[in-house]
Amino acid sequence: MNVVEQIKEQLKQETAAAAVKAGLVSKEELPEVVMETPKDKEHGDFATNLAMQLAKTAKKAPKLIAEDITGAMDTSKASVEKMEIAGPGFINFFLDHSYLRQVIPAVLSSGQDYGKTDVGGKKKVQVEFVSANPTGDLHLGHARGAAVGDALSSILETAGYDVTREYYINDAGNQINNLAYSVEARYLEALGKETTMPEEGYRGADIKQFGEELAAEHGDAFVETAREERLAFFREYGLKREMEKLKQDLLDYRVEFDVWYSETSLYESGKVEEALQLLEERGEVYEADNAVWFKSTNYGDDKDRVLVKNDNTYTYLLPDIAYHQNKFERGFEKVINVWGADHHGYIPRMEAAVQALGYDKEQLDTRIIQMVNLYENGERVKMSKRTGKAVTLKDLMEEVGIDATRYFFAMRSSDTHMDFDLTLAKSESNENPVYYVQYAHARLCSIFRQAEEKGYEYDPDADLTPIASEKEYDLLKKIGEFPEAVAIAADKYAPHRMTNYAHELAAAFHSFYNAERVVDAEDAAKTQARLKLVKAAQITLQNAMALIGVQAPERM
RNA sequence: GUCCCAGUAGCUCAGUAGGAUAGAGCAACGGCCUUCUAAGCCGUAGGUCGCAGGUUCGAAUCCUGCCUGGGACACCA
């Protein structure tokens, strides 16, 4: 447990003990003491609403209860300097801040590991995200999903979960046939032959390029080939090229998957049949109208779903069920799906399926990545998948840059609609929030360069007692909250809390930087102590930025 | 028609498991660079938390109804 949490825990215990000692409540009836950090510094370092909570059982006014508690409080152990009763009955604690100096050695000794906790208890968790069909370039929505899914995974890892990042490749359905038709059409087109793009075809620039390359490489070799053979080749070719591109784009975006799971492999290994059989054995399916239905209404779905169509082929749902069964068979205790908003309607049936297979509903958690609207110069940018006119992940990385793109997407709660302001994201000015955080890091690095120039050698054993100003303590407190901030972000699956934290940490540092000098020729002891403080800030900021996939530049 | 998400400052969004005078960034206004990077800091102004009820010591947060915007509702994936 880190220093800030320790003192908070101590404070909780002392408060609880005081309430019992004052005869307000028995030890058994005592509620969990809520100790929060007030937003307003005027309200102390910590505050509790215990007196209000006890108002009912103690049958007394909260303010009087608060007086009893503060009167019975042992203030020595938790560094309490002052207590105030405020508002409707809050007890505000003002601490002797010198305890915060202990944060520094804790951070310095942990280094890159600072922020790690074991709240996850090594639990095996799978995060499936992006999983875009290999039929075209990754677009805006995928970019958001990738940023959120990757940040979430990193946060869970740091909070002590055993995380697997996984991409499900939809390489078996109709869309792959359409991919083959589309490549064929573009190939023939490139040869100047008469052809029509199928209605359901993919019109992306990437496929046009494939067609041209095939034409250039193979000439008209495929024109005379039997259609079936030709399509089989284009299908294979298109899939391979799309996957290569997908993997490269994601890698460039700094997203690395542990597992790429192929839908086709589910068929080949017989897992799809297995899943169907299992559902049959468990009495979860029935036949009607020449089709096989999954009785998902047993588990709260709106209506039952077809698994096997009357032409004897499978719906997409069945392999999806098999895939989820396989996830649990691989030992994941928790399965998190990060899905696009268009998959929103599948959640109830997938949850039903998981339960029908005998797993607990709680083991599956699906997060929806809401729509992204693009704006440029105040105008909504219209996009169309049909015509292939869409802003791709690649476009974003080139135009906006990776750091700004990832920060922008990670910054927002993922389940709300989002306006992405291209003009703002592209601007290299203070209007752009990502620079605020990066600039703090560049400044931190600059301090060390200056210290070196002035002949200061960083001393890991320097005495920390010169650390005593308000700005220093504010910064230290923020640094000390990092492990808890990660744990909360993990618990709530809320990566945007990490960007909030990074911003707050940067703010605490900027404020300190403007108020106090680190490298001071007049005071070597203070300089050495502050260099250690600044080192701790640098480590923490780097770790926070790493969690959201944003680089920490040494200069700007 | 049913279901889901959203509605908070001029704009984009937070709001810590019901708490104090609802917070940030940008935009606006006023200050701060002979000293470690002014992509920064300090301050001012800006609000009927969509609307109406309810629950209680206390509601942006929980409940009910309504309004507005977006999305989902295939034997397509």
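Bear in mind that the values here come from a model prediction, so they are computed numbers and not experimental data. Lettering of chains follows the sequences in order, A, B, ..., and the numbering in each one begins at 1.
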Per the O4'-C1'-N9-C4 / O4'-C1'-N1-C2 angle with a 90° window around 0, B/C4 comes out anti
Remember a base hit wins even if backbone is also touched, and classify [X] as base, sugar-phosphate or nothing at under 4.0 Å, heavy atoms.
| X | result |
| --- | --- |
| A/A485 | nothing |
| A/E516 | base |
| A/M411 | nothing |
| A/N174 | sugar-phosphate |
| A/H510 | sugar-phosphate |
| A/D289 | base |
| A/D520 | nothing |
| A/F90 | base |
| A/F448 | nothing |
| A/T37 | base |

Distance between [atom1] atoms of [N] and [M] (Å, rounded):
| N | M | atom1 | answer |
| --- | --- | --- | --- |
| B/G50 | B/C13 | P | 15 Å |
| B/C4 | B/A59 | P | 27 Å |
| B/A72 | B/G53 | P | 35 Å |
| B/C11 | B/C75 | P | 43 Å |
| B/A28 | B/G69 | P | 32 Å |
| B/G40 | B/A9 | P | 24 Å |
| B/C73 | B/A27 | P | 41 Å |
| B/U12 | B/G54 | P | 33 Å |

Measure [atom1]/[X] against [atom2]/[N] and give the value in whole Å, please.
| X | N | atom1 | atom2 | answer |
| --- | --- | --- | --- | --- |
| A/K303 | B/A74 | NZ | P | 4 Å |
| A/Y436 | B/A24 | OH | C1' | 10 Å |
| A/H344 | B/C3 | NE2 | P | 12 Å |
| A/E452 | B/C36 | CD | P | 17 Å |
| A/Q370 | B/G71 | CD | C1' | 7 Å |
| A/D342 | B/G70 | CG | C1' | 14 Å |
| A/K526 | B/C36 | NZ | P | 17 Å |
| A/F408 | B/G25 | CZ | P | 15 Å |

Please confirm whether the shortest side-chain N or O distance from [X] to OP1 or OP2 of [N] is below 4.0 Å.
| X | N | value |
| --- | --- | --- |
| A/H343 | B/G71 | no |
| A/Y501 | B/A14 | no |
| A/R497 | B/G15 | yes |
| A/R349 | B/C73 | no |
| A/S427 | B/C26 | no |
| A/T416 | B/C13 | no |
| A/K492 | B/A17 | yes |

Does any N or O donor sit under 3.5 Å from an N or O acceptor when you compare the side chain of A/N514 with the base of B/A38? no
Under 4.0 Å between a Lys/Arg side-chain N and an Asp/Glu carboxylate O for A/E84 and A/K82?
yes
Are any of the side-chain nitrogens in A/K303 or A/D301 under 4.0 Å away from the carboxylate oxygens of its partner?
-> no
Taking only the side-chain heavy atoms of [X] (C-beta and beyond), determine which of [options] contains the nearest atom.
| X | options | value |
| --- | --- | --- |
| A/H417 | B/U12, B/A38, B/G70 | B/G70 |
| A/H503 | B/C36, B/A24, B/C13 | B/A24 |
| A/K471 | B/U12, B/C42, B/G15 | B/C42 |
| A/D419 | B/C36, B/G70, B/C13 | B/C13 |
| A/V518 | B/A38, B/C36, B/A20 | B/C36 |
| A/R517 | B/C13, B/G70, B/U35 | B/U35 |

Worksheet entry | A/K526 charged N/C atom sitting above A/Y456 aromatic ring, 6.0 Å / 45° | no
Q: Tell me, please, whether A/F448 has A/K535 positioned over its six-membered ring: NZ or CZ under 6.0 Å from the ring centre and within 45 degrees of its axis?
A: yes
**Request:** Could you go through the ring-ring contact (aromatic ring centres under 6.0 Å, His included) check for A/Y181 and A/F234 one step at a time?
**Result:** CA-CA 8 Å; A/Y181 295 138; A/F234 286 152; over 10 Å; no
Applying a 3.5 Å limit to both distances, which nucleotide forms a Watson-Crick or G-U wobble pair with [N]?
| N | result |
| --- | --- |
| B/G40 | B/C32 |
| B/G46 | none |
| B/A72 | B/U2 |
| B/A20 | none |
| B/A60 | none |

Margin query: Main chain of A/L424, side chain of A/D421: is a donor-acceptor contact present, judged purely on distance under 3.5 Å?
Written below: yes
When A/P88 and A/Q175 are each assigned the nearest nucleotide of RNA chain B, the 5'-most assignment goes to A/P88
Taking for A/N49 and for A/A507 the nucleotide of RNA chain B with the nearest heavy atom, the one nearer the 5' end belongs to A/N49
Give a yes or no on whether A/E280 atom CD has more than 12 heavy-atom contacts from other residues, nucleotides or ligands under 6.0 Å away.
yes
Q) With ring centroids as reference points, do A/F90 and A/H43 lie under 6.0 angstrom apart? A) no
* Are the aromatic rings of A/Y167 and A/F129 close, with centres under 6.0 Å apart? -> no
Taking 5.5 Å and 30° as the limits, would you call A/H43 and the base of B/A20 a stacked pair? yes
| task | Would you please classify the geometry between the A/Y267 ring and the A/Y314 ring as parallel, tilted or perpendicular, with 30° and 60° separating the classes? | result | parallel
